Peer 1: 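This is the structure I want to talk about, given as structure tokens.
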Amino acid sequence: METRDLDRIRFVTRHFNDLQGLQYWAPLGLITLAWTGTTLLRAVLLLGALLLILGARRYYRNTFGEVEHEPATELQPVSVFSPAGPMPQLQDVEQVTPILRHFLVTVALAVVLFSFFQAIPPNFLVQGGESPGQHPRILLEPAPYLGPPIMKFYPNGAESRSPSMVKAVVAQTMYVLYGSLFLGLWLWRERRRSQSHHLALAVLLLGLSALGTSLGYLARKDGEIPPFIDSLLPALVYPGLALLLCGSSAVLAGLLDHWQLVRALGRPVAQEED
């Protein structure tokens with residue numbers, strides 16, 4: 001066995017539980033996609049996500065077994081006034097799991113930057129409904145919006161935001177959350193080449209969020225924006241398309257993680273005997 005193959009098997013064994021994409025990422029994607037459809041489609045996708053979680057858990061356990069964690073260090077009698085340092089059991093206690101720590105750090109940085117840049121660009125309006133065949137247009141507001149009090153705070157006061165802009169901000173927030181989650185996973189999984197799909201998805205979603213945040217700068221008074229941005233405009237301002245992209249990305253990540261697990265561990269013993 002080559003050293004590279006052995007290293008891959010060790011990595012997969014170390015991350016065996018979180019690489020079970022059919023149990024985690026794929027159901028999360030289905031749940032996200034459920035909010036983009038009708039009531040019937042939503043119920044079908046939510047039921048499918050639940051069945052996939054239950055079925056995948058049994059599949060992974062029966063096919064590949066389980067990975068047991070090393071037992072915790074046994075408690076040693078240490079005097080309260082011992083100069084030997086902290087007690088062993090306190091050293092082994094992990095307050096926050098690595099995946100949660102990486103996610104919290106990345107999402108906190110992303111949210112801070114996102115909130116800062118959201119406060120800078122001017123208000124804009126989105127013309128066009130979220131329906132097939134309609135392409136939206138971005139228009140700068142010539143005057144403060146006087147509709148419902150949806151507030152945008154500035155250091156020197158506050159202005160109201162239009163509902164269409166609030167929807168665009170919701171779409172961009174979805175990209176920030178999912179992109180931060182993908183980026184945190186890539187960092188936690190040692191930034192390996194085999195995990196580059198998480199980095200690619202993170203760059204894609206965070207890039208869409210950055211473009212959406214810049215619409216106030218890019219839009220002109222006549223509604224013209226660069227052609228490249230205009231082709232991506234529906235995904236930048238419509239929450240439904242943002243949920244569709246985020247959900248599809250989660251399903252894709254789950255399938256790729258599952259494929260990596262199967263590729264590294266090989267076919268089950270029962271199938272080889274057959």
Side-chain angles (χ1 to χ4, degrees), residues 12-69 96-104 106-107 110-111 130 132 167 170-186 188-189 194-195 197-198 200-202 204-206 208-209 235 238-271:
V12 171
T13 304
R14 187 162 55 250
H15 294 274
F16 174 74
N17 291 327
D18 57 279
L19 281 173
Q20 298 177 11
L22 298 183
Q23 185 177 350
Y24 300 111
W25 279 109
L28 175 62
L30 292 179
I31 293 174
T32 305
L33 292 173
W35 299 105
T36 64
T38 60
T39 303
L40 178 60
L41 180 60
R42 185 177 304 174
V44 171
L45 290 176
L46 291 176
L47 179 61
L50 177 60
L51 294 177
L52 186 58
I53 293 174
L54 299 177
R57 181 179 303 176
R58 182 178 179 181
Y59 164 77
Y60 287 117
R61 183 176 62 250
N62 296 338
T63 304
F64 302 107
E66 297 178 347
V67 174
E68 297 182 357
H69 297 282
V96 181
T97 58
I99 183 174
L100 182 59
R101 182 170 62 251
H102 281 82
F103 171 68
L104 290 178
T106 53
V107 76
V111 168
E130 192 172 356
K167 290 183 178 180
V170 171
Q172 297 153 22
T173 304
M174 293 297 301
Y175 293 136
V176 168
L177 294 177
Y178 277 78
S180 300
L181 182 56
F182 286 127
L183 182 59
L185 275 176
W186 180 72
W188 176 51
R189 294 180 182 176
S194 61
Q195 298 299 303
H197 57 279
H198 287 291
L201 293 173
L204 171 64
L205 297 180
L206 292 177
L208 289 175
S209 177
Y238 291 153
L241 285 179
L243 288 172
L244 181 62
L245 288 176
C246 292
S248 302
S249 299
V251 172
L252 177 61
L255 294 177
L256 292 175
D257 282 348
H258 171 76
W259 174 79
Q260 183 179 1
L261 187 65
V262 173
R263 180 170 175 262
L265 300 182
R267 294 189 304 169
V269 178
Q271 293 183 3

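Just so it is clear, the structure is predicted and the values come from calculations on it, not from any experiment.
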Peer 1: Quick test of your reading: applying salt bridge (Lys or Arg N to Asp or Glu O under 4.0 Å), list the pairs with at least one residue in residues 20-41, sequence neighbours left out, ordered by first then second residue.
Peer 2: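 Residue pairs with at least one partner in residues 20-41: there are none.
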Peer 1: Does the side chain of Leu19 reach to within under 4.5 Å of the side chain of Gln260, using non-hydrogen atoms?
Peer 2: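 Yes, close enough: below the 4.5 Å cut-off.
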Peer 1: Any chance you could measure Arg58, atom CZ, to Gln23, atom CD, to the nearest 0.5 Å?
Peer 2: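 Between atom CZ of Arg58 and atom CD of Gln23 there are 14.0 Å.
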Peer 1: How far does OG1 of Thr32 sit from CG of Leu244, to the nearest 0.5 angstrom?
Peer 2: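 Reported to 0.5 Å precision, the distance equals 10.5 Å.
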Peer 1: Nearest 0.5 angstrom please: Leu252 CG to Leu201 CG, how far?
Peer 2: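 Output value for this atom pair is 6.0 Å.
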Peer 1: Check Ala202 against Gly179 and note the closest heavy-atom contact, atom names and distance.
Peer 2: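 That would be CB-O, 3.4 Å.
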Peer 1: Yes or no on side chain to side chain contact (heavy atoms under 4.5 Å, CB included) for Leu185 and Gln195, after CA distance, side-chain angles and deciding distance?
Peer 2: CA-CA 9 Å; Leu185 275 176; Gln195 298 299 303; over 6 Å; no
Peer 1: Looking only at non-hydrogen atoms, find the nearest pair between Leu206 and Ser180 and report the distance.
Peer 2: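 Answer, listing the atom of Leu206 first, then Ser180: CD2-N, 4.1 Å.
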Peer 1: Could you give the distance from CG (Leu208) to CG (Leu245), rounded to the nearest 0.5 Å?
Peer 2: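 The distance works out to 6.5 Å.
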Peer 1: Could you name each residue pair satisfying salt bridge (Lys or Arg N to Asp or Glu O under 4.0 Å) that touches residues 246-256, not counting sequence neighbours?
Peer 2: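 Residue pairs passing salt bridge (Lys or Arg N to Asp or Glu O under 4.0 Å), neighbours aside: none found.
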Peer 1: For the residue pair His258 and Tyr60, what are the closest heavy atoms and their distance?
Peer 2: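 In this case the closest contact between His258 and Tyr60 is ND1-OH, 2.7 Å.
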Peer 1: Does a side-chain heavy-atom distance below 4.5 Å link Tyr24 with Asp257?
Peer 2: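 No, their side chains stay 4.5 Å or more apart.
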Peer 1: Classify the ring geometry of His198 against Phe182: parallel below 30°, tilted from 30° to 60°, perpendicular beyond 60°.
Peer 2: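 Plane angle between 30° and 60°, so tilted.
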Peer 1: With rounding to the nearest 0.5 angstrom, report the CG to OG distance, Leu33 to Ser248.
Peer 2: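 The OG atom of Ser248 is 5.0 Å from CG of Leu33, to the nearest 0.5 Å.
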Peer 1: Can you tell me how far NE2 of His197 sits from CG of Leu256, rounded to the nearest 0.5 angstrom?
Peer 2: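 Here the interatomic distance stands at 5.0 Å.
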Peer 1: Checking side chain to side chain contact (heavy atoms under 4.5 Å, CB included) for the pair Arg189/Asp18: CA distance, chi angles, key distance, verdict?
Peer 2: CA-CA 10 Å; Arg189 294 180 182 176; Asp18 57 279; 3.0 Å; yes
Peer 1: What are the two closest non-hydrogen atoms of Leu205 and Tyr178, and how far apart are they?
Peer 2: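 Result for this residue pair: CD1-CB, 3.7 Å.
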Peer 1: Check Leu52 against Leu22 and note the closest heavy-atom contact, atom names and distance.
Peer 2: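 Residues Leu52 and Leu22, closest heavy atoms: CG-O, 3.2 Å.
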Peer 1: With a 4.5 Å cut-off on side-chain heavy atoms, are Leu181 and Trp25 touching?
Peer 2: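 They are in contact (side-chain heavy atoms under 4.5 Å apart), so the answer is yes.
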Peer 1: Taking all atoms of both residues into account, what is the closest heavy-atom pair of Ile31 and Ala49, and its distance?
Peer 2: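 It is CG1-CB, 3.8 Å.
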Peer 1: Could you tell me whether the side chain of Gln20 reaches within less than 4.5 Å of the side chain of Asn17, counting heavy atoms only?
Peer 2: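 Heavy-atom side-chain distance check passes, below 4.5 Å.
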